[in-house]
Amino acid sequence: MQNIIEELNDKQKEAVENTEGPCLVIAGAGSGKTKVLTYKIAYLIQEKNVKPWNILAITFTNKAAEEMRQRAEKLIGENINDLWLGTFHSICVRILRKFIDRLGYDTSFAIFDTSDQKTLVKNCMKELNIDTKLFTEKSVLNAISNAKNEMLEPEQYNFKYSGDYRKEIIGKVYSLYQKKLKDNNAIDFDDIINFTVKILMENPDVLDYYSTKFKYVLVDEYQDTNKSQFTLITLLASKYGNITVVGDNDQGIYGFRGADISNILNFEKDFPGTKIIKLEQNYRCTGNILKVANAVIKNNQNKYEKKLWTNNGEGTLPYIFCGNDEYSEANFLIENINRLKREEYLKYSDFAILYRMNSQSRAIEDKLRIENIPYKIIGGLKFYERKEIKDTIAYLRLIANQSDNFALERIINEPKRGVGKTSIENLREIAEENNISMYEAIKSADKYLPRIYENTKEFVNTIEELKTTECSISELIMQVLNKTGYVQSLKDENTIEAETRIQNIEEFVTVANEFEKESADNTLVEFLNGISLASDTDNLEESDDVVTLMTLHSAKGLEYPVIFLVGLEEGIFPGHQSMDNPEDIEEERRLFYVGVTRAKQNLFITFAKRRTIFGSTSYNPPSRFLKEIPKEVLDGYEDAMNEQLEDEDFEDTNFDWKYKNHYNKIESSNVITYKVDKSSNFSSNENRSTTKFGRTAESFLASIQAKKNTDIDLSKYKVGQKIYHKKFGQGVISKLESEGDDIKVDIDFEKAGHKRLMAKFAGLEILE
DNA sequence: ACGGGCGTCTTTTTT
DNA sequence: AGACGCCCGT
């Protein structure tokens with residue numbers, strides 16, 4: 001152990017050895033945060049003779065948990081299965097599986113995902129006759145989730161907001177929503193944490209059990225915890241008070257999900273006697289990359305100010321590039337991937353492309369396909385959200401929990417059994433009248449709904465049979481799909497799409513197989529819980545030599561030799577929805593900081609003059625974050641900013657979709673990988689569009705400033721106003737939307753068609 | 001019950 | 001641009 005400790009720097013050592021009492025570790029990006037946590041676990045077990053089962057370690061993602069376990073086991077040299085190490089959600093599910101009966105639920109409870117939640121809200125609103133024009137299901141679901149983040153139960157919510165017309169209605173939906181969840185013996189994502197907290201607060205014996213058990217509590221990514229998570233760890237650590245939290249207030253990027261950055265800011269107040277340790281030495285990035293990160297983040301208000309430094313050397317300057325549009329932006333990425341691969345002997349897997357929103361991946365994917373570059377994309381359409389997988393899961397859910405009406409509704413007519421909308425409606429009524437589940441209603445439907453009874457006889461038989469069958473989960477899946485004719489009906493479709501669906505199902509069987517092999521507790525319920533909590537980055541395999549594409553949020557906690565940060569435009573990043581709120585802008589800035597600090601050697605930042613989103617083309621100014629970087633820290637600055645000012649040249653950026661066929665699409669779990677099909681004989685050299693370099697003009701900063709200073713009177717604009725644009729000619733304003741201190745103007749041009757421009761930037765002239 | 005056609009809204013980010 | 005819901009005709 002002694003030599004292990006020697007591997008740490010002074011600050012890290014201090015954080016590890018400080019085991020007793022509350023301890024706050026402010027750990028900058030790449031400063032060895034995971035190292036501190038794993039060494040601390042090892043130190044507790046080996047040096048302090050703490051039993052593994054007396055330690056609770058909570059991480060943010062399953063991947064981080066897995067990595068931490070492996071690293072800790074390597075240090076100790078033995079398995080530490082008894083250590084409680086997992087995400088907030090997985091830890092809480094574990095507790096709920098034991099004690100949820102205290103809340104009147106059955107331990108075979110189901111976990112509803114977002115789409116289940118949407119359906120449920122929709123049902124509730126329909127039942128309550130709520131106008132979906134005034135209350136969208138999304139906004140209501142959002143309100144409910146916010147209420148849960150604030151730990152308000154329906155009654156408390158209704159009490160708190162009585163008198164508020166809108167919230168009273170939302171409260172009604174919330175109450176019904178929660179009741180229906182219970183009727184289905186189901187909970188949603190937010191309930192996982194809240195219910196655990198509730199059980200601990202209302203049951204002294206349970207609280208005593210866990211707070212005695214967990215003599216040491218460690219929490220990773222503390223800046224991203226919300227109120228209920230805070231309450232949870234406070235309760236669990238209440239007996240011994242040995243709590244270590246590690247986090248970086250500059251990397252808090254989950255405010256939208258209720259994460260409360262004040263948790264980390266107030267930690268020393270919440271836990272008196274806190275030892276605060278700052279880790280500022282960065283082991284990941286080059287000096288120049290850190291300069292970019294530091295320069296931008298210093299524009300945030302900050303309590304724990306810290307300055308990252310490194311011994312890694314300055315490295316190459318980060319490069320900035322401006323493309324004409326998203327396709328030329330993508331070409332730039334490809335040129336540099338190919339170049340670095342050649343010149344510096346890098347592998348595809350050394351590159352990651354990060355964007356603000358999933359929809360940005362499309363253009364990049366298209367170009368990567370043309371150029372035969374293998375890639376994988378994290379997030380976006382997820383494996384477990386595919387129809388065939390959800391259907392299969394619904395069958396399993398029904399077998400595990402016959403009160404799950406949602407699972408039943410999903411598959412009762414899948415494959416077609418002649419049970420349509422009306423039949424389901426009838427069923428639901430009968431179930432409600434008799435206070436039984438819909439499945440029960442079907443079973444005894446011979447009296448009142450003979451047609452449904454006839455049509456579903458076989459279906460019920462299959463479920464009944466499988467309910468009691470003793471077999472493996474993968475076996476169960478195959479039986480379900482064969483006996484119900486689900487696979488057969490896909491085969492009958494005889495389309496490529498159906499073929500893909502069958503392949504996905506086969507992949508799902510493989511997932512089940514692996515689960516059985518790996519998990520000690522391999523019951524069906526446990527399997528279902530596991531997949532509800534699975535997330536995108538979990539299945540990131542390092543073995544594939546492919547380029548990785550993902551959102552900035554998904555990239556948190558990861559590192560790559562080369563990072564491309566794309567779409568640095570006002571309205572994209574920072575996103576338009578954050579423009580009106582300084583706090584939101586700060587969160588975007590933290591997101592940028594996270595992105596920059598993923599890079600070990602090379603960083604490329606790109607933006608585009610025009611970008612097509614949702615079918616309309618926008619002309620966005622470069623992101624404000626670029627202006628916060630001193631230009632001597634960036635390479636290509638002049639070129640990029642001059643490019644930005646160049647006139648449009650309308651190059652044809654169309655590409656041929658036929659190339660798509662030369663890729664083999666490999667879907668494994670929730671990561672989709674595209675690999676080049678070597679057997680196909682086509683040349684990728686045609687149809688390559690080039691990017692222009694090498695023009696000079698005055699600095700972009702000055703010109704933006706100059707444009708802004710022309711002092712446009714925004715009040716003159718209104719819908720129907722005729723205007724003139726120096727490039728697009730005459731047009732009429734069709735829509736106005738304020739965005740920050742600027743206005744987003746939609747214009748129908750006589751010749752150039754429909755465009756979307758930022759008023760301050762576009763230089764429009766009013767025509768009388 | 002089901003499919004085609006049309007209008008709508010969308011996209012921030014996720015355990 | 002594309003997905004999705006809604007309406008109507010079969």
Side-chain angles (χ1 to χ4, degrees), chain A residues 58-65 86-93 111-115 117-119 122 126 132-133 136-139 142 145 148-149 188-194 220-221 224-226 228-229 252-259 326 354-363 366 378-382 384-385 387 413 416-425 451-452 455 529-538 550-557 567 571-579 581 584-585 587-588 590-592 594-595 611-618 670 754:
Chain A
I58 306 178
T59 60
F60 195 67
T61 62
N62 295 309
K63 186 180 193 290
T87 61
F88 273 102
H89 296 270
S90 69
I91 297 278
C92 286
V93 166
I111 299 168
F112 273 21
D113 67 14
T114 316
S115 66
Q117 292 184 62
K118 273 190 195 146
T119 317
K122 208 156 99 191
K126 202 170 167 190
T132 46
K133 291 237 163 50
T136 62
E137 63 188 60
K138 207 186 144 191
S139 69
N142 229 322
S145 186
K148 290 188 175 189
N149 279 326
D188 69 19
F189 250 98
D190 301 312
D191 290 336
I192 294 176
I193 316 281
N194 281 355
D220 193 10
E221 308 279 16
D224 285 323
T225 51
N226 63 22
S228 50
Q229 289 165 337
I253 54 174
Y254 284 99
F256 68 91
R257 199 171 76 187
E326 61 271 29
L354 311 183
Y355 35 78
R356 179 65 239 269
M357 45 188 177
N358 284 308
S359 57
Q360 284 171 265
S361 71
R362 257 294 296 281
D366 292 342
I378 314 293
L381 6 71
K382 286 163 212 158
Y384 292 121
E385 283 170 15
K387 177 175 166 24
N413 204 29
K416 300 274 174 279
R417 297 190 181 91
V419 184
K421 232 171 161 179
T422 333
S423 308
I424 290 178
E425 213 43 61
R451 210 187 83 247
I452 297 175
N455 290 347
N529 280 342
I531 53 183
S532 317
L533 301 178
S535 78
D536 293 334
T537 43
D538 295 344
M550 65 189 139
T551 63
L552 286 143
H553 283 87
S554 300
K556 183 153 114 153
I572 305 288
F573 190 18
H576 66 84
Q577 66 298 317
S578 65
M579 299 285 198
N581 183 347
D584 288 348
I585 286 289
E587 181 150 320
E588 298 280 305
R590 291 193 290 272
L591 198 53
F592 182 78
V594 167
R611 186 178 296 276
T612 305
I613 312 168
F614 318 139
S616 73
T617 305
S618 296
N670 34 20
H754 181 258

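Here is the naming used below: chain letters follow the sequence lines, and residue numbers restart at 1 for every chain. The analysis underlying the following values was restricted to heavy atoms, covering all of them including side chains, and did not include hydrogens, waters or symmetry mates.
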Would you mind reporting whether [Y] and [X] have side-chain heavy atoms less than 4.5 Å apart?
X	Y	answer
A:Arg362	A:Glu326	no
A:Phe256	A:His553	yes
A:Ile58	A:Gln229	no
A:Thr551	A:Tyr355	yes

Query - Worked check of side-chain contact (heavy atoms from CB on, under 4.5 Å) between A:Ile111 and A:His89 - result: CA-CA 11 Å; A:Ile111 299 168; A:His89 296 270; over 6 Å; no

Does OP1 or OP2 of [N] have a side-chain N or O of [X] closer than 4.0 Å?
X	N	value
A:Lys556	B:dT13	no
A:Ser359	B:dT10	no
A:Ser554	B:dT14	yes
A:Asn358	B:dT12	no

Interatomic distance where [atom1] belongs to [X] and [atom2] belongs to [N] [whole Å]:
X	N	atom1	atom2	value
A:Arg590	B:dT12	CZ	P	18 Å
A:Arg356	B:dT11	CZ	P	13 Å
A:Ile253	B:dT14	CD1	P	9 Å
A:Arg611	B:dT11	CZ	P	18 Å
A:Asp190	B:dT14	CG	P	16 Å
A:Asn529	B:dT15	CG	P	17 Å
A:Gln117	B:dT15	CD	C1'	12 Å
A:Gln577	B:dT11	CD	C1'	9 Å

Query - A:Tyr254 aromatic ring stacked with six-membered ring of B:dT14, 5.5 Å and 30° - result: no

Query raised in the report: With stacking defined as ring centroids separated by under 5.5 Å and planes differing by under 30°, is A:Phe256 stacked against B:dT13?
Result: yes

Query raised in the report: Contact class for A:Lys138 (heavy atom, under 4.0 Å): base, sugar-phosphate, or nothing?
Result: sugar-phosphate

Query raised in the report: Contact class for A:Phe88 (heavy atom, under 4.0 Å): base, sugar-phosphate, or nothing?
Result: nothing

Report each atom pair, protein N/O against N/O of nucleotides 6-9 of chain B, whose distance is under 3.5 angstrom.
none

**Report entry** Side chain A:Asn62, main chain A:Leu533, donor-acceptor under 3.5 Å
**Finding:** yes

Report task. Say whether, by atom type as modelled, one donor and one acceptor occur between the side chain of A:Asp191 and the main chain of A:Asp188 under 3.5 angstrom. Result -> yes

Query raised in the report: Of the candidate nucleotides B:dT15, B:dT11, B:dC2, which contains the atom at the shortest distance from the side chain of A:Asn413?
Result: B:dC2

Query raised in the report: Starting at the 5' end of DNA chain B, which residue's closest nucleotide do you reach first, A:Arg417 or A:Ser578?
Result: A:Arg417

Query - Parallel, tilted or perpendicular: ring planes of A:Phe60 versus A:Tyr254, cut at 30 and 60 degrees - result: tilted

Query raised in the report: Is a donor-acceptor pair below 3.5 Å formed from side chain A:Thr87 to base B:dT15, judging by atom type as modelled?
Result: no

